[in-house]
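Reading through the structure tokens given below for one structure.
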Amino acid sequence: MSHAPLTTLPQWQALKQHFATIGTKHLRELFAADAQRGKQLTVEDVGLYLDYSKQRVDADTLRLLRELAEACELPQRIEAMFRGDKINSTEGRAVLHVALRAPTTEKILVDGHDVEPDVHEVLDRMAAFSERVRSGAWVGHTGKRIRNVISIGIGGSDLGPVMAYEALRDYSRRDMTFRFVSNVDGTDFAEAVRDLDAAETMFIICSKTFTTLETLTNAHAARAWSVAALGDESAVAKHFVAVSTNAEGVAKFGIDTANMFGFWDWVGGRYSMDSSIGLSTMLAIGADGFREMLAGFHAMDEHFRHTSLERNLPALMGLLAIWNNNFLDAATVAVLPYEQYLKRFPAYLQQLTMESNGKHVTLDGKMVDYNTGPIYWGEPGTNGQHSFYQLIHQGTRIVPCDFIGFGQTLNPLPAQGGGDQHDLLMANLIAQGEALAFGKTAEEVRAEGTPEALVPHRTFEGNRPSNTILAAKLTPHVLGTLIALYEHSVFVQGTIWDIDSFDQWGVELGKQLAKTTIVELTAKDEPKLSHDSSTNALIHRYRQLRDGKIPESS
Ligand code: F6P
């Protein structure tokens, strides 16, 4: 359950005091004080290299953060998660995404039942199914092979699969088309199918609960589209498979549960891309590639579980995030992959981090008196450099950045003037971290002959913290380690903040209210409204606009 109130812990108080001295120190001073800093404040394991020397910390900060982690019982909480304790206390559930990537030799018990055989049974079924589809052995209703796969889901049943597909596109079957539909906005579905032949198209309906409005609405649209094109309700059997924990819901929708791939309530939606929710990933990169990705996740799980806090990548990332959020008062984190294939990684991380740690009460239900989860956002480099980096460099807010880059590109292209375009990309990554940390003083600007009036504009304060994460090459294995790094870092932060990182009650209210609103929007006669005046007026205005009662140009 809850640990002692965070801000009353002596370790928290010690960090506060420490901040009074280090908070004003510039990274220039920290680097000047220790010539080895750029080598020392790094950790390398399981194929990832983390340089956190450009964080505004010193050896004392790191020690105090580790002491805080001990006081918050982080090591015990890690064990509790891996053991299958019901650490998602508000839902009374175990949190065992780590079981999805553990080898068969491991035994992980939930209520006394070993879940590993179940996990591997589903993985084997997924592999057999994927092989049939990829080889053309599985044919559609008219006998044509399946060339298009459309995964329908939302939130955790979509963001992981989309991100993984984009990230691993280089390893994917190029003669197959993969698309993802999530939004209840009909445009999403319409655009996904407009150029496809229904006879060659398979839908994977992904929903943990199989009750989600958006997914079921799109699934019905998909069924109507397929049946209309193929002329027969029986086509559903060949063109629809489901991924869910709710067999009853799947059967009710009309998908044979023989074509269903299950998972379990101890897998959170945003932690589910390694479960059968990743079926589209497996179809794209094959079962071997998928298992390679799982091995990457597992390598990071093992690292997280067995490495001392000093050298523990997710623990370090999590504790540095606490430092930036609660002591430097940074409200957001920018995730900046210098790898085009990771273009959906920031969006994926938004759900992982913000649905997990966007909480305002402790495990015991007490209101927190400190900030919890920051806002995560980002875009691939170098694109972001030409839009929002200005604010990161010279704005009034601190935005800690995570730079992610690779030694080798999957698409070497010779650059004009020598080298590869990849060198240009990585030169930018490295230069951005340097510029953010060290900036440019007024004296340096003056020394360049800058007119005095422009000096303040061209001065860079620097002292802006960042992590740099490097790996050799983006492979399924490396992707797994990278995602698990963030998963566990989120867990570390939630443990310190003493919140339940695995529930998501905050998404319920809007969903409930929408149920009333839809009745009011679709009522034949003008409904009697009893909301606040803004909501009433919006409902009224929408009805008028929809019904053409307000001319388009007015
Ligand atoms: O509304 C939020 C949420 O419950 C997420 O936590 C989840 O990933 C998503 O909806 C989709 O849920 P499901 O997989 O049950 O359709």
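One-based numbering, in listed order, for ligands and for the atoms of each.
Val507 is linked by a side chain to side chain contact (heavy atoms under 4.5 Å, CB included) to Glu355, Gln504, Lys511, counting only residues two or more places apart in sequence or in another chain.
With respect to atom 11 (C) of ligand 1, the closest heavy atom belonging to the protein is Ile154 O, 3.2 Å. Counting only heavy atoms of the protein, atom 15 (O) of ligand 1 lies nearest to Thr209 OG1, 2.6 Å. At the shortest separation from atom 6 (O) of ligand 1 among protein heavy atoms lies Glu355 OE1, 2.7 Å. Closest to atom 12 (O) of ligand 1 among all protein heavy atoms lies Thr212 OG1, 3.5 Å. The shortest contact between atom 8 (O) of ligand 1 and any protein heavy atom is with Gly156 N, 2.7 Å.
Between Arg291 and Asp124 there is a salt bridge, since a side-chain N of the basic residue sits under 4.0 Å from a carboxylate O of the acidic one. Between Asp188 and Arg179 there is no salt bridge, since no side-chain nitrogen of the basic residue lies less than 4.0 Å from a carboxylate oxygen of the acidic one. With salt bridges taken as basic N to acidic carboxylate O contacts below 4.0 Å, one links Arg305 and Glu79.
Remark: ligand 1 and Thr215 share no N or O pair separated by less than 3.5 Å (distance only, no angle test). Inclusion of Arg270 in the set of residues having an N or O under 3.5 Å from an N or O of ligand 1 is not warranted.
Side-chain N or O atoms of Arg134 include one that pairs as donor or acceptor with a backbone N or O of Ala284 at under 3.5 Å. In this structure, Asn88 contributes its side chain and Val95 its backbone to no donor-acceptor pair below 3.5 Å.
At least one heavy atom of Gln351 sits less than 4.0 Å from an atom of ligand 1. Using a non-hydrogen distance threshold of 4.0 Å, Lys511 registers as a contact of ligand 1.
The backbone and the side chain of Lys208 each have at least one atom closer than 4.0 Å to an atom of ligand 1 (non-hydrogen atoms only).
In this structure, Arg223 satisfies the cation-pi test against Phe253, with its NZ or CZ atom closer than 6.0 Å to the six-membered ring centre and inside 45 degrees of the ring normal.
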